[in-house]
Structures are given as structure tokens and as C-alpha cells.
Amino acid sequence: MTGKSPRSVAGQVFVLQVALVVLLVASAVFALMLQSQRDTNAEARRRSVAVAQTFAHSPGVLAALRTPDPSTVLQPLTEAGRRSAGVDFIVVMDTMGIRYTHPLPDRIGRRFVGAIGPSLAGKVHIESVDGPLGQEVQATVPVRNTGGRVVALVSAGLKVKNVTSQVDRQLPIILAGGAAALGLATGVTALVGRRLRRQTHSLGPDEMSRMYDHHDAVLHSVREGVLIVGDDGRLLLANDEARRLLDLPPDAEGRPVTQLPGLESETVELLTSGRVVTDEVHLAGARLLAVNQRPTDRDGGPKGTVVTLRDSTELQALSGRAEVARERLELLYDAGLAIGTTLDVARTADELAQVAVPRFADFVSVDLADGVLHGEEPATTATGMRRIAVRGVQDDSPLYEKGRLIDFLPSTPQARGYGTGHLELVTDLSAAPGWHAQDPERAAAIVDYGIHSLISAPIQARGVVLGMANFWRSKEHGPFDEEELSLAEELVARAAVSIDNARRYAREHALAVTLQRSLLPRALPEQSALEVGYRYLPAQSGVSGDWFDVIPLPGGRVALVVGDVVGHGLHAAATMGRLRTAVHNFSTLDMPPDELLSHLDDLVGRIDQDEACTDAAAAVVGATCLYAIYDPVTRRCAMARAGHLAPALVAPDGSVTFPDLPHGPPLGLGGMPFRTAELELAEGTQLVLYTDGLVEDRRRDLDVGMELLCQALAGHPDRPPEQSCRAVLDALLPSRPKDDVALLIARTHALPPDRVADWDVPPDPAAVAGIRLAATGKLDEWGLSELDFSMELVLSELVTNAIRYGCEPIHVRLIHDRTLICEVSDGTSTSPHLRYAATTEEGGRGLFLVSRMTERWGTRYSPQGKVIWAEFPLPEPTAAR
């Protein structure tokens, strides 16, 4: 059976035989099992009754029952009788069912498992029970004294599985018979399969049907004629294409080739010769046929020949058209390289004219709507057209000169093409009255000069017509035809995109600057930790994605951000806005700088993937970012950077340093972690953050720019940040910067120690009252007694939660800044969640109370655990009376 498909005839026969054999074997085994089960139960009952009655009537049993200890006498007797009789147990019991004997000695003296009522009535009782030895069949008989009274009971039985069954003897015979039948079926199937494989070449019925269906479909659907000619010169087969090419009659198959009408003598000679030919050309009516002929008996098949026919009539005409098409494709290829090398409208129009002359036209003129030259939308009619390019094989043509403003009449091809957006073809200018009406004298001069044919092609991009390109031919070449319209359209399309890009460039630059300024901070938030000055200058050649931000954080801390999106234009500005928004969102989670940059890196990667799938040209390559968090309480600043330049630090003594921050990869690259560095800054230190446009320039090295920045900052420790920004820009930037510049200078302030109070809290609920009392005293000292009640409630809830659900160390800190800040920290990282408690719940209202009593609250995590913070607005100062 090896190698047979289950769908072959032999395979199907074999499967049927196997199924029958298995069914018969299974039926025999099932019947044998039923009979064996019935015989087993009958045998178990018979043997149990016989053994029980025999032992009950044995001499000495009554005498043993009268002794003080019947078990001593009866236990050996029952064990000897059990082994000799082949049963699993013989139990002697009194009329109460208490055993005197049992194969398991520890069961003696316990109550018999089974019914004894029928036996006490003098009957023999047989039953099946789950006894101490397992599933048992047992018989219980009475023991009578000489007076006929029942004085004891004897029960004998055995486990059903120990009864000798016929299955063990008959099952091998049945299985052996089934195996023999299966072997015989296998042999028969193998013989049948071998015979079928020889006859069908190892193909199954489905495969053979599919082969013949495919053969017929391919034979009659290919666009190549196929003939099979037998060794006797008769036509054995002809497909539909061969009948069409040779014009064969319907009854051609089976007839000698020499008797087929319409065949040329050379073709008949070839078909009857049997010789091998390759692409031999023969005439068949008005057709030229390429003929191939091969013998059919190479692999042992029947003798004959197979002939293929291919119509080659159009090859000659196609070869000429192919050469013309090649030249046009070459022209379009060169146009793609030469047109649009700059973002200059006039230059692009001249490149179009230069490519088309003389390979496509003898003269080319380009007219654009005058508003297009200024970046505006074009007019709806062909008035106010400015000629910005003229080229030709000669310089003395009578066409309108370059720079002339033209108002085309509606009857001209230029006006019609401008209005409809379709190309206009004039094969004979001398017979075009609408064109002559524009300027009769000049039109006559053009015709006299020898220019006779014109194609006016609208220059349109995004569905808007920007102008017209005019292709002229003179007497040296024939007129334009309809087929050349597509070439003119392709040439103009390449220039239209570049012209439109140049027109939109100036407008886009202004829009990008407006967009970017709207996405940048309009005013800095109020905070006490830093005195900040900033500058943003857009590039003159194209806006990029530089941005900065100042974000207040809980605990009086402030985050400083400076970033730069790779690229220029509206896309870069829009991407900058997305990143700035993302930084704001991530900062609300109060993440460390390295973790925030990791999330920002994932976001930039997703932006890259999304935009690469929709518009590869607009995909973001990446971005750089520097994120710093300054804490005025500890005067420590945590910073991390992603491909960004390190900040400058101006110490209170006026010296300038660049801290050695861990360098991370730009955003969007992924694969590398970011690291945070912490610096302790003296009060009055100036932190200078900037983008690469400040220090990088094509005319100088980066080291030179860094040195200039250092010189502009050094020696002025007391200069306000705003003045420092002005001085830095004056020293480093040219009048027209090539790249955007974002500059952020922040002078640090430290919170006075008397504005901060903190306490360690023992993990004891009784400590809450002491902390509450100490906090109230500190509020009175700060003159914030109005907040005592709110503070006590919030502090009690937060400290109690920390003691109940947190772990040591537990710490409380109060900060008196622009708001009153309460912080409770513990050693766990489990964050509480605000929820609405049901009316039947005893807890769950604490955080709801905190949220209602405070201005805002939240959680931030630290390496030691978490901090729950809450802010209270300071009371309005009481007006002096």
C-alpha cells in the first residue's frame, strides 16, 4: 500500500476491506465480552453457594460455635477451606452479623458487609457488594443446630475479576483471524494497485480527469497554433488557433495533410517531411507564420510530429514603433533627471524647454499665471499670463519674447487648454483662425517663419492649472499627431510638480512658521523654582521642528524640555506639536527623565511606521530631546538626553561648564536604553538648553560654535536670563540662520529651609495624631491656620493608608510654596485609585475626600517606593483694615 493515494481505486478498496475486517473483529470481541460477563457472574454465584453450604454443614462447625472463642477454632478452618476451594473469603458470623473469621484478621469482630436478613430466615442469599476486598459476589447460608434453629451464618465469595474467563482463550484466536484477513486484503489491494498504476501512469481518477481538462483548456485557449501529424501524414489534432491561422475546414482532423484545402505547397511539404525546424517563416494567405516542428517519438511515444504556429505579421510594424517608443522613453528619463533641480519657478520652466528642444519640438514657450510667480493661486482664465521661458533651434523666432504679459483670447488653443485642462493639438497653424485672432500680424510672421504645428499643454498640479507649455514645430519636421499628445503630457507633468512645489514653497514656509509659533509656549507658567528666559528663531530657508517647554511638576519641581525634529516644513512643525503634547502628557505621570524619553522613543517609532505606510516621503527620520527636572527643595537636577547636545551650566562665579551627561540615541531609533544623571546645583546657577541650530553652521565646526557659546555666557553670573538670551543670539547667529534655533536659559532658585517641614512616621496607627498635631503647628507658624481642618483630614487619610497598606520608611513632608504641598511617602509601589464607594461599604471614601478637599493630588514613584502628594491653594491675603 506504500505510495498509494487514499483517493485511488486501490486505496478505496483497501480502506473498505480494512473497515469490514475491523467491524467484524470488533463485533466478535463485543459478543465474546458479553458472553464472558454472563458466564463469569454465573460461575461466581455457583462457586460461592457451593463453598458456603459445604462449610456450613461441615462437622465441627457447631461445636466450634459453642466454644468461648469461636474465632480461634474457625479462623484456621476457613483459611484452609478458602485456599482449597479457590474462593477469596469464607466468613463465619453470628446472627448479629459479627464476624468470627475473615482473610484480613483486622476485620474479625466487625460487622459483615451485606444483607443477612434472608439468611436468618433460612434462605440462601446471593448478592454483589463492594466489600473489603473489592467488587465481590458472595453467598450467605444459615447454620442450623440439631433443633433446626439458625445459630450462625456462613458467607463465601470471590472477586469477579478472579473468575477464569473464556476471553483470555478466545481473544487471540479472533485477533489472529482478523490480522490474517487484513493481510490478505493488503495483498489483494497491492496487486490491484500495481495493475492500475501501470495502466494510468500512477495517476488517480481525479488527477487524470484534471489532466485531460487542463489539456483541453490549454490546447484551445493559447494564442499559438498546435498541430499533431501522424507518421502516415494524417492530421491527428488541430487546436482552435491553428484552424484560424490555416483556415482549416471543420473535418480537417483525420484527413491527410496533402488533401487539406488552402495550404501553401511549402507548408504541406514541411508538414509531411517530419524534419525539425525552428521559427521558419511560411506564408499562409496574408499572414506570415513562424513555424516550429519537432518529432513526438523522442520518449518512446507514437511516431509523428508536433507543429506550433505563431502569427508574426505585425512584428515588422511593431519593431518600427518600438524604436520610436524607446526614443520617447529615453526623453522622459532625461526629463526626469533634468527638470526640477531647484525650487525656482523660472528655472524649472526653462529646464522643460531645454529638454524638449530639439528632441521633441523645434521651439518651446512656457507661460504661467502671473500670480503663480508670487506663490499665489492662479486665475481661472488665461489672462495675465507671463512668458517666463522661450527656447528654440534658432534665436530669431517671431514668438512672444520672455517676460511679456499676455492675455490670451478665448478662441486660442492656449485659452481653451487653460480652461479645460486638456491638451490642444493644432496640426496646421495656417488654417487656425482662432489662433490668428490673438495677434494676426505676429501669427502671419510665425507661419511665414516656417512654424506650422502646435501642441498647447496645460501645466496642472493637484487639479489646478498653473499655466501653459507650447510646443512648436517648423518646416524641418512633420506636424504633431495624436500619439505625441501623451508624450507632451508626460513632459509637462514632470515640470508641473516642480513648478507647483516652488510656488508652494514660499507660502508653506510662512504657514510653517505660523504653525510652529502657535505650537510653542505663548507664555511661561508661573513657578518659583526657576527664572526663565527663552528665544525661538525660525530658519529663513525652511522651518524645522525645534521646540522648548517649561512644565511645573508636583512638589514645586519644574521640568525643562528642548527638542528638535529632523526635517523641515509643515510636517516637521506638526510632528513637533505632537511630541510636545506627548511630553506634557507623560510629565503628568511624573516619570523620571530616562523613562519619559523611553516612552517618547516608542511614540516616535510608531509615528515613523504609520507615516512610512502612507507616505514614505513624509516619514519622520527621528528627533532629539533633552529633558531635565529641577527640585528647588534639594537643589538637585535630574537630566537625560536622546541624541541632543549637552546643556551648559553657568556657575554663580561666572564659569561655564558642559556636564558629562550619558548619551542616548535619537528618538525613533530604539534598541538602546536612556540613562539619567543627577547634578546638585548651587542657587543662582544658570542652566542653558539649546538646539543644534545655535552652535552648528556649515561655515564653522561644532567645537567653534561651542566655544563661542561658552564665551557669550562666561563672566556674567548676575545677568538676567532674558539678557543672556539676547547676548547669545547676537554672538552666535548670522542675520539669516539656516536652521531653527530654540534657546532656554533658567536661573535656579532654592526653597528656604524654613518653608519645608518633614517628619518620619512609625508604622503605628497611634502616630497619626502626633503627625497631625505637628503639621497643624507648622501651618500656624506659616500663617496658614485657615488650612488646618483640610490639612488634618487629608493628612490623616494619607498617613493612615501608608501605615495600613504601605511599608517602612514612612515619611511626611510639607512644602510652603505658591501652594501648600503635602507629601506622604512609603516603601511600596502600589498606587491608590479613586473610586465611588457604595452606601453599604464602610471604606473607600478616603481618596474621594482627598480629591474634594485639595486643588489636585497624585502619585509619583521613586526608587524607594512612592509619594502621594496633594496641593492646597493658599488663602487670599487679608486686606489691611
Side-chain angles (χ1 to χ4, degrees), residues 524 527-535 548-553 555-563 592-594 624-642 644-664 675-696 701-733 741-756 817:
L524 296 182
Q527 44 82 30
S528 304
L530 299 169
E531 178 187 357
V532 180
Y534 65 92
R535 289 291 187 277
F548 67 91
D549 219 332
V550 179
I551 307 172
L553 298 177
R557 297 167 303 132
V558 178
L560 300 177
V561 191
V562 169
D594 56 342
T624 65
C625 184
L626 172 64
Y627 186 80
I629 299 177
Y630 174 69
D631 189 346
V633 178
T634 61
R635 292 185 291 103
R636 299 193 66 83
C637 183
M639 290 182 283
R641 58 174 174 157
H644 205 83
L645 296 172
L649 296 180
V650 183
D653 61 359
S655 60
V656 179
T657 59
F658 295 92
D660 186 16
L661 297 183
H663 187 80
R675 292 183 295 169
T676 297
E678 284 199 7
L679 306 174
E680 184 172 349
L681 305 179
E683 184 174 8
T685 300
Q686 294 188 55
L687 186 61
V688 182
L689 284 67
Y690 51 92
T691 56
D692 56 1
L694 181 67
V695 293
E696 290 184 354
D701 294 335
L702 176 61
D703 294 340
V704 176
M706 300 295 285
E707 181 62 28
L708 292 176
L709 175 62
C710 183
Q711 294 175 5
L713 294 172
H716 302 282
D718 299 327
R719 187 169 56 191
E722 279 292 330
Q723 296 183 12
S724 295
C725 289
R726 188 181 308 114
V728 168
L729 295 183
D730 292 342
L732 274 79
L733 290 185
V741 174
L743 175 64
L744 188 65
I745 300 179
R747 187 194 303 276
T748 62
H749 296 296
L751 198 65
D754 58 354
R755 291 294 188 98
V756 181
D817 196 15

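If you're wondering where the values come from, they're calculated on a predicted model, not measured in any experiment. Just so it is clear, the values below take in all heavy atoms, side chains as well, and ignore hydrogens, waters and symmetry mates.
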Would you say [X] and [Y] make side-chain contact, with heavy atoms under 4.5 Å?
| X | Y | answer |
| --- | --- | --- |
| Tyr630 | Leu687 | no |
| Pro647 | Leu744 | no |
| Leu530 | Val550 | no |
| Asp594 | Arg675 | no |
| Pro721 | Val532 | no |

Heavy-atom neighbours of Asp653 CG exceed 12 at 6.0 Å: yes
Using the side-chain contact (heavy atoms from CB on, under 4.5 Å) rule, pick out the option among Val562, Val728, Ile745 that qualifies with Val688. Ile745
Which of these passes side-chain contact (heavy atoms from CB on, under 4.5 Å) with Leu645: Thr691, Thr624, Val695, Leu709? Val695
Measuring from atom [atom1] of [X] to atom [atom2] of [Y], what distance do you get when rounded to the nearest 0.5 angstrom?
| X | Y | atom1 | atom2 | result |
| --- | --- | --- | --- | --- |
| Ser655 | Leu713 | OG | CG | 11.0 Å |
| Asp692 | Leu702 | CG | CG | 9.0 Å |
| Arg636 | Thr748 | CZ | OG1 | 13.5 Å |
| Leu553 | Gln527 | CG | CD | 10.0 Å |
| Leu689 | Asp549 | CG | CG | 12.0 Å |
| Leu694 | Leu732 | CG | CG | 5.0 Å |

Go through Leu751 and Val756 one step at a time and tell me if the side chain to side chain contact (heavy atoms under 4.5 Å, CB included) criterion holds. CA-CA 8 Å; Leu751 198 65; Val756 181; 3.7 Å; yes
Minimal non-hydrogen separation, [X] against [Y], with atom names:
| X | Y | answer |
| --- | --- | --- |
| Arg635 | Ala682 | NH1-CA, 3.8 Å |
| Pro717 | Arg747 | O-NH1, 2.6 Å |
| Leu626 | Ala640 | CD1-O, 3.4 Å |
| Ala648 | Phe658 | CB-CE2, 3.5 Å |
| Pro632 | Ala529 | CG-CB, 3.7 Å |
| Ala727 | Ala712 | O-CB, 4.4 Å |

Got a donor-acceptor contact below 3.5 angstrom from the His644 side chain to the Tyr690 backbone? yes
Sequence neighbours excluded, every pair satisfying salt bridge (charged side-chain N to carboxylate O under 4.0 Å, His left out) that has a member inside residues 716-725: Arg535-Glu722
